[in-house]
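Report on the following structure.
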Amino acid sequence: MSSPKDGNPEITADEVVADIEQTREEMGETIDALADKLNPKHAARHGVDAAKAAVTDDSGRVEPDLAAAVAAVVVMVVATLVLRGRRW
């Protein structure tokens, strides 16, 4: 489509209407994509998928080193919560 910026000042009304319709369609697609991305269920699913990908190898098995590291962190968090609950 030509425009005054392109050096062609002869834009028809039909071209302007077509440009507006195309822009509306693109904006609608963008809004739909943003709404989908901000959906809490989809965000949670993405987080779960990213976590799984981080601790598994190419064949889908859990990497032992990462599993041990995660287990150590869980043990430390639980121990901290238990010890704080005792109120020395």
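Sequence positions, counted from 1, serve as the residue numbers for this chain. Quick note: numbers below take in every heavy atom, side chains included, and nothing from hydrogens, waters or symmetry partners. Every value quoted in this text rests on a predicted model; they were computed, and no experiment measured them.
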Atom pair CG/CZ of Asp49 and Arg45 - distance to nearest 0.5 Å: 4.5 Å

Value rounded to 0.5 Å, distance of CE in Met27 from CG in Leu34: 10.5 Å

His42 side chain vs Asp36 backbone, donor-acceptor pair below 3.5 Å: yes

Candidate list Ile11, Thr12, Val17, test side-chain contact (heavy atoms from CB on, under 4.5 Å), partner Asp14, passing option: Thr12

Transitive ILVMFWY side-chain link Leu81 to Val73, under 4.5 Å: yes

Shortest non-hydrogen contact from Glu15 toward Glu10: OE1-O, 4.0 Å

